[in-house]
Amino acid sequence: MEALKLYDIQDLRHEQVPVPELKNAGDVLITVKAAGICGSDLSRFKKLGPYESGMTFGHEFSGVVAAVGSDVKDLKPGMRVAACPTFHCGTCSYCETGEPSRCTSLHVIGARRDGAFATQVLLPAKQVMALPDAVDFDTAALIEPSAVVAHGFYRTSIQPGATVAIMGCGSIGLLAIQWARIFGAKTIYAIDIDDGKLGIAQKMGADHVINPLTAPAHEQLSLLTDGVGVDLAIESAGSPITSAQVLALPKKGGEVVYMGIPYGDVPIERFYFEKIVRNELTVYGSWNALSAPFPGKEWEATIFYMEKGLINVKPMISHHLPLKEGPQAFQKMISGQPGYVKVLLYPEE
């Protein structure tokens with residue numbers, strides 16, 4: 001079968017590899033139908049490198065059950081599925097108290113276990129979820145990032161009628177627009193320096209779009225909110241700059257959720273830092289997408305809202321490519337070539 005393996009920084013190779021073997025009675029072998037490139041994949045490719053050289057990359061995917069272990073009862077060959085790619089130990093203090101996203105041994109496929117940029121991938125049955133007929137493979141490939149966003153919203157105290165600002169309109173930010181509406185947001189502001197992404201944000205449901213290249217985001221937002229600010233601000237760009245600037249968006253007593261990972265030092269000017277203290281902000285970090293019982297309400301809710309059409313990912317899928325074109329796609333994306341938002345790879349094409 002074919003696979004994309006990451007050997008070093010910017011060394012991603014398309015190779016032929018053996019099909020994974022069912023070694024455990026509780027395992028499920030899945031034929032991958034669609035796999036998405038995550039922002040964390042780009043960071044690993046561009047500057048961090050692999051956890052283990054030569055590991056099959058990727059963790060966002062959907063597919064069809066190819067084979068199951070002898071103990072698997074609820075999943076059958078031919079079933080359409082998605083899967084939680086994240087492993088937790090189940091025994092550390094965080095897992096035992098129902099906080100698996102804080103597990104001390106948390107890891108995903110594509111890191112220390114072979115991932116989903118391949119013809120087939122192997123996972124325990126407890127991590128595999130059947131898909132409703134109304135959820136197609138492209139949509140299902142984005143269940144994992146959608147669950148990541150849902151996890152962040154569940155951490156907040158957002159109430160119906162809230163105002164929400166989302167800083168960064170990559171995949172996570174665009175999904176956050178629709179989750180904000182699901183959680184009852186009355187008005188949603190999308191912020192990005194890419195007008196193309198702001199156009200997609202409007203298609204995803206943003207009420208107002210702001211380009212900070214015109215004027216600082218907080219100044220434009222202040223005009224739109226009569227100087228008040230928003231109830232909740234989401235940082236989803238993962239930039240050192242926006243990680244500081246987002247603090248100026250909430251109203252007094254408002255909330256900030258960090259979903260992006262800057263992978264660098266975050267220098268915060270006094271103007272922005274003082275917003276935390278003077279405006280008595282509540283600041284949340286949000287990591288991964290798990291809750292108890294595993295894998296959590298984030299996954300169940302995502303599939304439900306995708307089935308109902310309230311999460312529509314189609315406007316944000318910019319490219320459909322065969323798996324063999326993955327290395328070139330990664331290079332184009334890190335070079336800043338315009339037009340790339342969510343890229344899906346197809347091993348069977």
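- In this pair, His218 and Tyr272 present their aromatic rings perpendicular. The plane angle is above 60°, beyond the 30 to 60° band.
- Cluster membership check: Ile172 does not share its hydrophobic cluster with Val230, using side-chain heavy-atom separations under 4.5 Å among Ile, Leu, Val, Met, Phe, Trp and Tyr.
- Residue Phe294 qualifies as enclosed at atom CZ: its count of foreign heavy atoms under 6.0 Å is above 12.
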* To do: Walk me through it: do Val65 and Thr31 pass the test side chain to side chain contact (heavy atoms under 4.5 Å, CB included)?
  => CA-CA 6 Å; Val65 174; Thr31 299; over 6 Å; no
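- Between Val81 and Ile30, the closest side-chain pair of non-hydrogen atoms falls below 4.5 Å.
- Taking both residues in full, the closest heavy atoms of Val266 and Ser243 are given as CG1-CB, 3.7 Å, listed atom of the first, atom of the second, then distance.
- The cluster map of Ile, Leu, Val, Met, Phe, Trp and Tyr, joined by side-chain heavy atoms under 4.5 Å apart, puts Ile241 and Tyr258 in different clusters.
- Counting heavy-atom neighbours within 6.0 Å of Tyr51 OH, excluding the residue itself, gives a total of 12 or less.
- Residues His208 and Thr187 meet the side-chain proximity criterion, which asks for heavy atoms closer than 4.5 Å.
- The salt bridge (Lys or Arg N to Asp or Glu O under 4.0 Å) test applied to Glu60 returns Lys342, not counting sequence neighbours.
- Panel note: side chain Arg80, backbone Ala130; no donor-acceptor pair is recorded below 3.5 Å.
- A continuous path of Ile, Leu, Val, Met, Phe, Trp and Tyr side chains, each step under 4.5 Å between heavy atoms, connects Ile311 with Tyr154, placing both in one hydrophobic cluster.
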* **Verdict with reasoning, Val28 to Leu123, per side chain to side chain contact (heavy atoms under 4.5 Å, CB included)** => CA-CA 5 Å; Val28 178; Leu123 280 164; 5.7 Å; no
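- A donor atom on one side chain and an acceptor atom on the other are not found under 3.5 Å apart for Trp299 and Ser146.
- Note that the CG atom of Leu122 and the CG atom of Asn24 stand 7.5 Å from one another [nearest 0.5 Å].
- Side-chain contact between Glu235 and Val257 is absent, with no heavy atoms from C-beta onward closer than 4.5 Å.
- Residues Ser43 and Tyr263 have side chains in contact (heavy-atom distance under 4.5 Å, counting atoms from C-beta outward).
- Using a 4.5 Å cut-off on side-chain heavy atoms (C-beta onward), Leu321 and Leu344 make no contact.
- Looking at Asn211 and Asp195, their side chains do bring a donor and an acceptor atom within 3.5 Å of each other.
- Between Leu221 and Leu249, the closest heavy-atom pair is CD2-O, 3.5 Å.
- Scanning both residues, Ile303 and Ile143, for their nearest heavy atoms gives CG1-CD1, 3.8 Å.
- For the 3.5 Å distance criterion, the side chains of Asn288 and Thr86 qualify, holding a donor opposite an acceptor.
- The environment of Lys297 atom NZ is dense: over 12 non-hydrogen atoms of other residues, nucleotides or ligands sit within 6.0 angstrom.
- Within 6.0 Å of atom CD in Glu300, 12 or fewer heavy atoms from other residues, nucleotides or ligands are found, so the atom counts as exposed in its surroundings.
- Annotation: side chain of Val72 is not in contact with side chain of Val128 (no heavy-atom distance under 4.5 Å).
- Atoms NZ and CG, from Lys314 and Leu142 in turn, are 10.5 Å apart once rounded to the nearest 0.5 Å.
- Judged by distance alone, the side chain of Asp207 and the main-chain N or O of Ile188 form a donor-acceptor pair under 3.5 Å.
- Rounding to the nearest 0.5 angstrom, the gap separating the CE atom in Met333 from the CZ atom in Phe330 is 7.0 Å.
- A cation-pi contact, defined as under 6.0 Å to the ring centre and within 45° of the axis, is absent between Lys5 and Phe57.
- At least one donor-acceptor pair closer than 3.5 Å links the side chain of Ser286 to the backbone N or O of Gly152.
- Note on Lys33 versus Asp136: no salt bridge recorded, every NZ/NE/NH1/NH2 to OD/OE distance being 4.0 Å or above.
- Judged purely by atom type and a 3.5 angstrom limit, Arg44 uses its side chain to pair as donor or acceptor with the backbone of Gly49.
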* **Candidate pair Phe137 and Tyr346, rule ring pair (Phe, Tyr, Trp, His ring centres under 6.0 Å), full reasoning** => CA-CA 10 Å; Phe137 289 122; Tyr346 302 90; 9.7 Å; no
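- Put simply, the side chain of Leu345 does not reach to within 4.5 Å of the side chain of Pro322, judged on heavy atoms.
- Counting non-hydrogen atoms of other residues, nucleotides and ligands closer than 6.0 Å to CD of Gln337 gives a total above 12.
- Proximity of Pro262 to Ser239: side-chain heavy atoms (C-beta onward) are nowhere separated by under 4.5 Å.
- Here the side chain of Gln127 pairs a donor or acceptor atom with the backbone of Cys84 at under 3.5 angstrom.
- A donor-acceptor pair under 3.5 Å is formed between the side chain of Asp192 and the backbone N or O of Asp194.
- A 6.0 Å sphere centred on CG of Leu310 holds more than 12 heavy atoms belonging to other residues, nucleotides or ligands.
- Note: Glu2 CD to Glu15 CD = 11.5 Å, rounded to the nearest 0.5 Å.
- When hydrophobic clusters are built by joining Ile, Leu, Val, Met, Phe, Trp and Tyr residues whose side-chain heavy atoms come closer than 4.5 Å, directly or via intermediates, Tyr189 is not grouped with Ile166.
- Trp287 contributes atom CH2, which lies 9.5 Å from atom OG of Ser101 (distance to the nearest 0.5 angstrom).
- The backbone N or O of Asp231 lies less than 3.5 Å from a partner atom in the side chain of Thr163, making a donor-acceptor pair.
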* Under the side chain to side chain contact (heavy atoms under 4.5 Å, CB included) criterion, do Asp11 and Phe45 qualify, and how do the steps go? -> CA-CA 7 Å; Asp11 184 4; Phe45 175 78; over 6 Å; no
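- When every heavy atom of Pro267 is checked against every heavy atom of Ala244, the shortest pair comes out as O-CB, 4.0 Å.
- Relative orientation of the Tyr305 and Trp179 rings is perpendicular, given thresholds of 30° and 60° on the angle between their planes.
- A salt bridge does not link Asp71 to Lys73: none of the charged side-chain nitrogens sits closer than 4.0 Å to a carboxylate oxygen.
- Annotation for Val149 and Met259: closest pair O-CE, 3.5 Å, computed over non-hydrogen atoms.
- Taken from CD1 in Ile177 to CD1 in Ile182, the straight-line distance is 12.0 Å, to the nearest 0.5 Å.
- Panel note: side chain Asp114, backbone Thr56; a donor-acceptor pair is recorded below 3.5 Å.
- With hydrogens and angles disregarded, no donor-acceptor distance shorter than 3.5 Å links the side chain of Glu144 to the backbone of His59.
- Summarising the local packing, CD of Glu274 is surrounded by more than 12 heavy atoms from other residues, nucleotides or ligands at distances under 6.0 Å.
- Judged purely by distance below 3.5 Å, without hydrogens or angles, the side chains of Ser157 and Glu255 pair a donor atom with an acceptor atom.
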* Asked: Would Phe183 and Thr156 satisfy side chain to side chain contact (heavy atoms under 4.5 Å, CB included), going step by step from the backbone distance to the final call?
  -> CA-CA 10 Å; Phe183 271 81; Thr156 73; 5.6 Å; no
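- A donor-acceptor pair is defined here as one N or O able to donate and one able to accept, closer than 3.5 Å; such a pair exists between the side chain of Ser318 and the backbone of Val341.
- For the residue pair Ser291 and Glu298, a side-chain donor N or O sits within less than 3.5 Å of a side-chain acceptor on the partner.
- For CZ of Phe271, the number of neighbouring non-hydrogen atoms (other residues, nucleotides, ligands) closer than 6.0 Å is greater than 12.
- A donor-acceptor pair shorter than 3.5 Å cannot be found between the side chains of His88 and Arg102.
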